[in-house]
Every structure is written in structure tokens, then in C-alpha cells.
Amino acid sequence: MHFLKLILRNTLRHKLRSGLTVLGIIVAIVAFGLLRTVVDAWYSGAEGSSDTRLITRNAISLVFPLPIKYQERIRKIEGVTAITHASWFGGVYVSEKNFFPQFAIDAKTYFDVYPEFLIPPAEINAFLIDRKGCVVGRKLADTYGFEIGDTVPLRGTIYPGTWRFTVRAIYDGAEAKTDISQFFFHWDYLNETRKKATARKTSRKTDWVGVYAINISESNRAAEISNKVDAMFRNSLAETRTETEKAFQLSFVAMTEAIVVAIRIVSFVVILILLAVMANTMAMTARERIGEYATLKALGFSHHFLAGLIYGESMAIAFVGAIIGILLTFPVTDKFSEQVGTLFPVFGVSLETIYMQAIAAFSVGITAAVFPAYRVAQISIVEGLRSIG
Amino acid sequence: MESISNPIVHIKHLTKSYRRGGQIVSVLTDISLDIPSGEFIALMGPSGSGKTTLLNLIAGIDKPDSGTLKVGGIDIATLSEGELADWRAANIGFIFQFYNLMPVLTAFENIELPLLLTQLSHKKRQEHVELALSMVGLSERMEHYPSELSGGEQQRVAIARAFITDPVILVADEPTGDLDRVSAGEILAILKRLNSEMEKTIIMVTHDPYAAKTAHLIRHLEKGELDVTD
Ligand SMILES: Nc1ncnc2c1ncn2[C@@H]1O[C@H](COP(=O)(O)OP(=O)(O)O)[C@@H](O)[C@H]1O
Ligand SMILES: [Mg+2]
């Protein structure tokens, strides 16, 4: 009771100093949480991937396509339960900064392979019968205000011209980690339009797709079935490389790994700076009160009691800062997410991040008190008392 | 050298030196002193003569280099840090020149502080503190913080804190050194009552002859040695 009262009153003794230290903790905890959330978002594609889904792409590079006729051959492989395909469109909606992924898909099969995209049956039917229809994710719809029936113009960068699509369906995610910022339209429409163009000018291939997505019966057969697929097309014009969706997504992240590592390092540097600030506050505090601590020792209080006062004060400051910091992380990440739009399909503070924030604040609170508590335990009463007067 | 049977403080050939820089400075060269129980003794002497050092040794917050130091029959130099802390809490009441009150605690809470080291219940502690407050005439000011009290009042709070646990010995290092004459007179009157009515042994360091007169016995310390005077 008295012990807590002493801690509380000591903490409130220098309101400005304690206040600024708490502010420092809040800023550091929010920054730490935001940076970790960015890193999580980076990996969200891989997190949200299914382990019974394989991706087959051109063995040379993702930028090279695969023939459409592979679809029927892969479908016949034992263990393959469904197959669909998707092709990167790379269009620009109004301005370059409005980034979201667009895929030309096999409309009839795509949503069987990706059951986590939830669409009302009426909307999916409307999409299937409209060659120029498109399906947009809920987040995309919210960000740009797309509604059923709206026309969305995309300026092609790979495929020239302005392409106009009509929103026929909006999909939701089955889980929080499902990417709901994608845009899908009919591959048939893209392919036929290309055919007409090439008929006039020649060159530029048609009947090609970007990747195949394959559902398999059991996740532990992923390696075996991947090998079967790739063996089937070995020594053909377009050799394939098949891997799990997770491995496929991670290969994207790997390209930007250095940035992720840098962000991670910065998030820990922020905590180190916080530690320096806290340790300084606690050292200053303990130095000022050395006479009081010596008096308490003379009265018979143990150095455990004094250490308790110092740890308690440090923890109190860290606790208040951590609570406010963690609570502020939510609105701050929301605001950040709004600013970057659909760049990160999944952007949310994970439970793990909150734990990490709490652990970081707790460790800083403890560590900052170690040196002052040790010093107070070591200093002789006589020396401490001499500092008064 | 008077020989008293069963002195509360028994000191013989006590020496104490400090290391300052690379040099060893001898502070107390050969101190022998017996203080009978219930005595009120004043230690006088010029600044730097070692008065505080001697008081600190008796109070068990510093350790001698050599010689005998027995307080209440216990050779306190042999006690461990923890044992010494418990011993001080039970046997010694401290009064300092600058009061050394906790600025974040009220007068009441400051006086209550040493009782937190005892087994007393909250209610018992409250009774003790209220009694102590009335004895030093500060019942009206118990909710005040040290910064809201005058120097004399703060020292009265400090005295109450010193005797709240009913220790055998009160040590006071220049208790009136920072006070005006009137406040000093009040402090000395309280100490005198504690000695005469509650039979506390009081060891007081002072360089004020007026304060020293309150004591029954005055000892002068000079260059690390004691002289008997008066
Ligand atoms: N912890 C210490 N370290 C070094 N020198 C000390 C220490 N304590 C006391 N001294 C020295 O010992 C001498 C006596 O000090 P002190 O006992 O405080 O004298 P007094 O109380 O009589 O003024 C002084 O010269 C002082 O500087
Ligand atoms: Mg002194």
C-alpha cells in the first residue's frame, strides 16, 4: 500500500520529465507497432496462401506466359482436383498511384480454385454472362467507391488501349488474411480482343496465360504432383515450374527482402533508442534521490525495497506509455493503411505485434532500472547522506 | 576514563580512516568512550574533527577500522549488512541536520515510515503516529508535506519519526544547525523531554554551545581524539 503510494508519488514528482518520457515510449511503441505491421503486410500474401494450392508458371521467368492448352493436360494428372488460370493485366486506374492487382481469369473455374473469395450467387452469374464484366474485392470497392453496375476504365500498360469493365460482383474474404483488393475479369475477353488486333497487325501471341493455379487432394502430395506437372512439359517450348502457392508468394517477398530486413532493424533500433531515453530518465531520478535512498537505508529499509521503488517507478512509466502506445497503434495503422490504399492488400495489427509491443515496453522498463537500482544498492549510507545539504 | 558498569555504548581504542584520492586520511585515531544508558551527551568540536564519523559508527551506518565498538552489548562491527539494517531499525533513531524527510510523504506518512518495518497493524500504526504527532505538537499539520512546513516543524516531524519505533538510542547530528534560535529551543526542549521522560539515550553532535548546554555531558573531539571537559 505505502510502497505503491511511494512509487506513484515519485513517478508524478517531475511531471514534465515523466510526461516526456511517457511520450517517448508512446511514440516508440506506435512506431514499432506500425513497422511490424508493415512487415506483416509484406508477408500477408504468403500467410493467406493455401497449402493445397500449387502455382505453375513458366520455368524461365514469371514474365513469360504458358500456352492455354496446358490446362487440359494438367487437369488429367492424378491428384489434381481443379485447375484455373490467371494472367497479370497491369492496367492503371486513373493514376499510377492507384495500384491494385488485376488478373484476366478463367471465369468458370477461378472461384472454384479460390473458395476464400466469397461472392453472392446472383452476382457471380451476372459476371459470368457479361464478357466485359469484372469482380472487385470489398476493400477495392470501398477505397474507390465502386458499386455494382459502375464502369471501371483501366489504361493498359502491357495491352494497349483503355479497357472498360462493368462491375458485376464484389467479393468478400473468408478470413481476415484473405486479399480483398484484387480485380478480376474475363480472360476470354482479353484473348479475343488480342486476336482481333493480331489479325490486323500480326505477331503478339494469343492463347497464352500467365500462371495456372491447381488444387490438389492432399497437401503432403504437393512435391510429388509439382514434379509430375513439370516433368510433363520438360523439353517442350515452354517448360514449367510448379510450387506451392506459399513458396510462390514468398519468392515475390524475397525480391524485396532487403527492405523488409531494414524495416525490421529500424523497428528494433527504435526500441533501443527508447531504452536509452528511459535509462537516462531513471539514472537522473536515482542520482537526485540518492540522499533519500541513503536515509531510507539508514532507517533500516533493505536495498531490495529501494530497488523495488526504482523498478516500480520505471515499470509504471513504461506501463502507461505502453498502454497508450498500443491503443494508439490501431488508429495510426488505420490512417497509414488509408494513405497507402490497396498497396498492402491485408493490413492490420496482429496479436503478435501487440505482444511484441508489450514485451518491448516491459523489457525497457526493467532494463532501464537495472543500473540505477544496482548503484543505489551499492552506495554506502554515509556517502549518500553526505550528498544532502 | 570513567568506568561505568553496563554502558549502552562501549568504545575502546576505536580508529577510522578514509581513503581520499590515493591517500589514507586518519579521522579517528584513538577513541575510547563509555556512554551510560539514559545519558544525554553532546559531542562538540571544530568542523572536520570527526564528530559525524563517530556518530555514524555508533549508529551502525559506518564500520570502524579497528578497536572495540559495542552498542547495547552487541559488537555491531561483526554484523552483516542485513543484520545491521534490522538492528538499526530496532535500536537507533536518526535525527539529521537537514531533517531528511521524504518530500512525497505527508508529516503523518513520514512518521509512519519506520513502522512499516515492524509487524504492527494499520490501526496500531495510526495510534502510534497520532500520539507521536501530539508529542511534537504537530497534530494539526499531519496532512502537510515537508515543503509546506517550516524548518523547525520539519525537524519535529523528523524527531517523531526517530522515536516512533521506541529505539534505545537517538543520534542527532547538528539537529539545530539549520534552525533559528526559537525553533532550535523547541527542538532542544523536545529532546530534553525524550531523555528525561522516556529515558532515551541521546547522542547529539553540535558546535553550538547553547545547544550543548541542554545535554548532561559534553565531550570535545579534536584531531580525532576526545578530551574530557567540564
Ligand atoms: N566518506 C568519506 N570519504 C572521505 N573523507 C571523509 C568521509 N567522511 C568524512 N571524511 C573526512 O573525515 C573528516 C571528518 O569528517 P566528519 O566526521 O564529517 O567531521 P565533522 O562532522 O566533525 O565535521 C573530514 O576531513 C572529512 O572530510
Ligand atoms: Mg558533521
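All chains are named by letter (A, B, ...) in the order of the sequence lines, taking the proteins before the strands, and each is independently numbered beginning at 1.
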Donor-acceptor check, side chain of Gln155(B) to backbone of Pro175(B), threshold 3.5 angstrom: yes or no?
yes
From Val376(A), Asn10(A), Thr285(A), residue fulfilling side chain to side chain contact (heavy atoms under 4.5 Å, CB included) relative to Ile310(A):
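The residue from Val376(A), Asn10(A), Thr285(A) that satisfies side chain to side chain contact (heavy atoms under 4.5 Å, CB included) with Ile310(A) turns out to be Val376(A).
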Where does Leu385(A) contact chain B at under 4.5 Å (heavy atoms): side chain, backbone, both or neither?
side chain
[X] portion near chain A, given a 4.5 angstrom heavy-atom threshold:
X         : result
Leu113(B) : both
Leu116(B) : side chain
Asn100(B) : both
Glu112(B) : side chain
Tyr145(B) : side chain

Please confirm whether Arg161(B) makes a cation-pi placement over Tyr99(B), using NZ or CZ under 6.0 Å from the six-membered ring centre and within 45° of the ring normal.
no
Specify whether Phe301(A) and Phe305(A) have parallel, tilted or perpendicular ring planes, treating 30° as the upper limit for parallel and 60° as the lower limit for perpendicular.
tilted
Report yes if the distance between the aromatic ring centroids of Phe347(A) and Phe336(A) is under 6.0 Å, otherwise no.
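Distance test on ring centres: under 6.0 Å, yes.
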